[in-house]
Peer 1: 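Here it is: the structure, laid out below.
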Amino acid sequence: MAVFTPTWAVEAIYGLTAQSLKQQGIKAVLTDLDNTLIAWNNPDGTPELRAWLTAMKAAGITVMVVSNNNRQRIGRAVANLDLPFEPRALKPLPVGIDRAVRRLGLAKSACVMVGDQLLTDVVAGNAAGVRTILVRPLVETDQWNTRINRFFERLIFKMMSPLHYLEELNDKH
Ligand SMILES: [Mg+2]
């Protein structure tokens with residue numbers, strides 16, 4: 001189950017604090033786009049997201065989108081957020097994450113992959129050798145391929161040991 005198990009879980013990406021990331025030695029957050037960073041029904045992002053991006057920037061933590069979508073689609077989606085991105089990431093393969101880490105010039109131990117899907121984001125991050133954070137999807141989706149993934153996710157969750165919540169983990173230190 002190790003390949004499906006995220007290092008940590010949080011409710012939403014903007015629940016990650018610069019302090020908890022820094023305590024873990026993380027300098028870059030690689031993030032999925034759809035349902036992790038933005039919802040299909042709110043492409044400009046929420047005020048919480050904008051505040052979180054500002055806080056990450058102020059703390060010197062890079063946020064980079066790693067998505068299976070093409071350059072055009074991601075470019076449109078993040079135009080108002082001013083974020084670097086790696087398109088056609090081929091998750092669950094580690095290809096796009098490896099490209100992003102090389103581009104950033106950081107050690108893998110300084111990067112974390114955040115996403116809402118075990119079968120793409122978490123598996124890709126684990127395969128790439130970075131730490132992984134699972135978030136709850138921002139909205140329920142009707143896309144057929146996502147629905148199929150969710151079905152298998154539920155089975156995997158039943159077999160997996162309980163998730164570690166990042167903020168709880170930091171409280172222990
Ligand atoms: Mg997603």
Side-chain angles (χ1 to χ4, degrees), residues 1 3-16 21 26 28-53 56 61-101 103-104 111-158 160 163-166:
M1 299 312 286
V3 75
F4 298 115
T5 307
T7 316
W8 301 296
V10 290
E11 282 293 316
I13 193 163
Y14 40 77
L16 294 170
L21 292 170
I26 289 161
V29 174
L30 310 176
T31 174
D32 172 49
L33 180 66
D34 292 306
N35 253 342
T36 297
L37 206 60
I38 54 169
W40 61 270
N41 56 356
N42 188 2
D44 287 338
T46 56
E48 289 101 321
L49 174 67
R50 289 168 173 281
W52 180 76
L53 289 172
M56 289 298 123
I61 295 172
T62 306
V63 177
M64 187 184 280
V65 175
V66 178
S67 168
N68 283 354
N69 274 298
N70 65 37
R71 186 172 293 281
Q72 244 184 342
R73 156 86 173 81
I74 308 168
R76 268 200 309 270
V78 302
N80 295 329
L81 301 173
D82 189 29
L83 290 176
F85 60 87
E86 222 20 90
R88 296 246 181 259
L90 303 180
K91 295 176 288 185
L93 298 178
V95 179
I97 295 173
D98 284 340
R99 274 201 312 256
V101 172
R103 215 172 115 189
L104 291 164
C111 301
V112 68
M113 177 70 205
V114 183
D116 69 301
Q117 288 198 66
L118 281 183
L119 295 175
T120 55
D121 306 311
V122 171
V123 170
N126 287 341
V130 299
R131 284 175 285 179
T132 50
I133 299 177
L134 180 70
V135 297
R136 212 180 278 282
L138 290 175
V139 292
E140 286 306 320
T141 162
D142 289 315
Q143 269 193 332
W144 65 271
N145 52 345
T146 308
R147 271 204 318 253
I148 292 168
N149 279 356
R150 295 289 177 211
F151 171 78
F152 287 107
E153 260 181 15
R154 282 195 290 275
L155 294 182
I156 294 164
F157 273 127
K158 283 183 190 155
M160 216 161 65
L163 296 170
H164 301 287
Y165 281 83
L166 182 58

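Keep in mind the model is a prediction, meaning the values are calculated, not measured. Atoms within a ligand are numbered from 1 in the order they appear, just like the ligands themselves.
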Peer 1: Checking N68 now: which residues fulfil side-chain hydrogen bond (donor to acceptor under 3.5 Å, both in side chains) with it, not counting sequence neighbours?
Peer 2: none
Peer 1: So do the side chains of L53 and Y14 get within less than 4.5 Å of each other, counting heavy atoms only?
Peer 2: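 Side-chain contact under 4.5 Å: no.
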Peer 1: Which residues and atoms, protein N, O or S only, are under 2.8 Å from the Mg ion (ligand 1)?
Peer 2: D32 OD2, D34 O, D116 OD1
Peer 1: For the side chain to side chain contact (heavy atoms under 4.5 Å, CB included) test, which of V135, L83, V114, D116 pairs with L37?
Peer 2: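 Of all the options given, the one that passes is L83.
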Peer 1: Quick one: are R73 and S67 in side-chain contact, heavy atoms under 4.5 Å?
Peer 2: no
Peer 1: When M113 is tested against each of V101, L30, V123 for side chain to side chain contact (heavy atoms under 4.5 Å, CB included), which residue passes?
Peer 2: L30
Peer 1: Does the side chain of V63 reach to within under 4.5 Å of the side chain of L81, using non-hydrogen atoms?
Peer 2: no
